[in-house]
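A quick note: this is a predicted structure, and the numbers were derived from the prediction, not measured. Every chain is numbered from 1 and lettered A, B, ... according to where its sequence line falls, protein lines coming before strand lines.
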Amino acid sequence: MGQPRGKDQEKDVLRGHDERNVAALNFIPVQERLPEDLLRLERMVIRTNGQPAKIVCTGVPGIGMARGSDNDLLVALINVYIDAGCPADGIITTSAYALLKLSGQGTSGKHYQALSQCLARVFNTTYHITDGWFDFHAKRYTTVSFRIIDSLTRTHREETGADITLDSRSVLRIRLSEEITKSIRNGYIKPLNLTDYQSLPTVGSRTLYRLLDMYLDEAATRGDPKPYRMAVSLMTHAQNCGVLNRRPDHVRRALDSMHEPLIKMGYLATVNYVGKGLKTTVHYTYGETTSPINQEHVALLVKHGVHRGVAEKYARNLGEKVVVVVAKFAEELKRPNKKIENPAAYLVSLLKDVDSIVAQTRSDELRKQDIQRTRKASQAKIVKAEAQQNHLFEEELHLAIQKEGPEAAVEFMLTSFKVRQLQRHGLELHEIDQVRNAVLERRVDAAQMHAILNRVLMSPEVGIRDLRALL
DNA sequence: AGAAGAGAGATTTCGGTTTT
DNA sequence: AAAACCGAAATCTCTCTTCT
């Protein structure tokens with residue numbers, strides 16, 4: 001154990017992805033050994049933003065439930081699915097060899113045997129998640145039931161009784177759960193450094209890495225000051241990771257062994273336990289070098305002429321602020337009386353001046369959050385039917401326009417969240433800017449614009465055509 | 001040469017005992 | 001009574017050896 005295989009580190013980093021629900025909920029417990037007769041497991045987890053969720057998983061007698069290292073298979077499947085271009089039917093075809101490689105395992109006979117058992121477990125475990133599965137499209141938490149794998153066909157060397165042997169030429173045809181694939185297609189994913197992930201020696205450290213990376217990703221998105229820090233209640237954290245034991249000293253011991261490799265590789269700088277027993281909280285400080293580089297941000301900057309190396313530096317250091325600065329840049333670029341000789345250099349100068357730009361947008365955002373919070377309070381009483389919620393959105397929008405003018409309306413409908421989504425659906429950044437201006441200048445009614453933007457998300461072809469006609 | 005087997009070493013999990 | 005300490009059983013991993 002210990003040092004990651006050095007040769008991999010020299011090479012390019014394997015850039016993978018993780019589905020956010022899977023990473024946050026961790027519905028496969030880390031525990032490697034579960035009692036044979038344990039076929040139903042119920043636990044509460046708290047998502048990174050505080051949303052509580054109940055997870056019930058059920059196994060089949062004789063096979064047991066998915067656990068521990070089966071998480072690696074799930075990560076591999078998600079990445080195979082994304083690499084395959086996210087087919088709408090959710091079917092991926094891959095080899096047993098590729099799956100083993102992707103989950104960072106060896107490829108000896110024993111590993112193939114382990115893989116077939118692992119597939120059997122994952123295939124036969126059902127999950128029921130209450131109020132914890134985030135529907136990225138509808139923007140709310142939902143209750144879902146599913147199996148990770150819907151169907152599974154495999155070619156195998158030979159069948160000797162009940163034992164099915166996979167080998168390096170086995171081809172697997174797997175249909176992933178629609179809940180998972182739908183979420184991926186909706187873009188509810190985050191980058192995952194597979195090279196780091198695979199270099200971790202234990203199941204626990206790998207699972208914790210993914211979970212902590214979710215927190216890190218959110219801290220970067222919020223634009224927290226560095227170094228990034230994070231604190232959670234010990235027992236909550238244990239539940240989130242899938243450590244089943246409820247005794248604080250046992251939990252702590254389990255966590256310690258997960259932390260060690262993460263500290264060694266520099267992902268975590270420090271881990272502190274504050275308090276005693278059940279009331280202990282765990283405080284993490286991330287390592288300096290762990291800032292994730294968001295490739296989308298890099299691409300965004302490169303597109304505007306910034307040199308790749310420079311772009312990576314700013315993407316690493318500024319996180320989500322990059323989007324804010326580029327938006328500002330696009331805005332400035334369009335001012336008729338402004339002459340910019342070298343757009344790339346101008347963008348870099350804005351990047352250097354990030355603090356004042358972000359301060360400005362942040363004060364706007366705070367105001368917006370305030371509005372939303374007061375409204376949420378009254379909203380709580382209302383039934384959460386989808387149609388009604390849509391209606392509410394419209395109403396909020398109208399209120400925003402009446403009270404605060406079009407600026408507030410724009411803030412409300414063009415959150416950075418939504419801007420990214422729109423881009424993913426094929427809108428160019430300058431077009432989004434046109435949208436913003438059209439509303440600001442009152443050329444287009446905010447409610448109307450909001451409806452069209454939603455259409456873009458629902459059915460891009462029609463929506464974008466309508467939108468372009470309007471601009 | 002490659003597969004199978006044996007044995008040492010490390011991990012994980014869990015229960016009993018002492019301490020606060 | 002809760003929390004921390006300690007240690008042991010069970011199980012897995014890695015390496016070396018043996019057999020076909």
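Across C:dC5, B:dT12, B:dT13, the shortest atom-to-atom separation from the side chain of A:S257 is found for B:dT12.
Residues meeting the salt bridge (Lys or Arg N to Asp or Glu O under 4.0 Å) test with A:D135, sequence neighbours left out: none. Listed by chain and number, the residues in a side-chain contact (heavy atoms from CB on, under 4.5 Å) with A:S145 are A:H128 (sequence neighbours excluded). Taking the side chain to side chain donor-acceptor pair (under 3.5 Å) definition, one finds that A:N49 meets it with A:Y141, sequence neighbours left out. The salt bridge (Lys or Arg N to Asp or Glu O under 4.0 Å) check on A:D131 picks up nothing, with sequence neighbours excluded. For A:D83, there are no side chain to side chain donor-acceptor pair (under 3.5 Å) partners at least two apart in sequence or on another chain. Every residue meeting the side chain to side chain donor-acceptor pair (under 3.5 Å) condition with A:T48, not counting sequence neighbours, appears here in chain and number order: A:E218. Under the salt bridge (Lys or Arg N to Asp or Glu O under 4.0 Å) criterion, A:K54 pairs with A:E42, not counting sequence neighbours. Residues meeting the side chain to side chain donor-acceptor pair (under 3.5 Å) test with A:K190, sequence neighbours left out: A:D213. Take A:K276 and apply the salt bridge (Lys or Arg N to Asp or Glu O under 4.0 Å) test, not counting sequence neighbours, and it matches no residue.
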ask   = When you check every protein heavy atom under 4.0 Å of nucleotides 7-16 of chain C, what one-letter string (B, S, -) results, 5' to 3'?
value = B--BB-----

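A salt bridge links A:R210 to A:D18: one of the charged nitrogens lies within less than 4.0 Å of a carboxylate oxygen.
A:L278 has its CG atom 9 Å from the C1' atom of C:dA3, to the nearest Å. The interatomic distance linking A:R252 (CZ) with C:dC6 (C1') rounds to 15 Å, in whole Å. A:M258 has its CE atom 14 Å from the P atom of B:dT11, to the nearest Å. When the P atom of B:dT13 is taken as reference, atom CG of A:D256 falls 14 Å away, rounded to whole Å.
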Show each protein N/O and nucleotides 18-20 of chain B N/O combination with a separation under 3.5 Å, one pair to a line.
none

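Taking a 4.0 Å limit (strictly below) on heavy-atom distances, residues 238-246 of chain A does not reach DNA chain C anywhere.
If you find the closest nucleotide of DNA chain B to A:R247 and to A:A254, the one lying nearer the 5' end belongs to A:A254.
A:Y127 and A:F27 have tilted rings, their planes meeting at an angle from 30° to 60° on a 0 to 90° scale.
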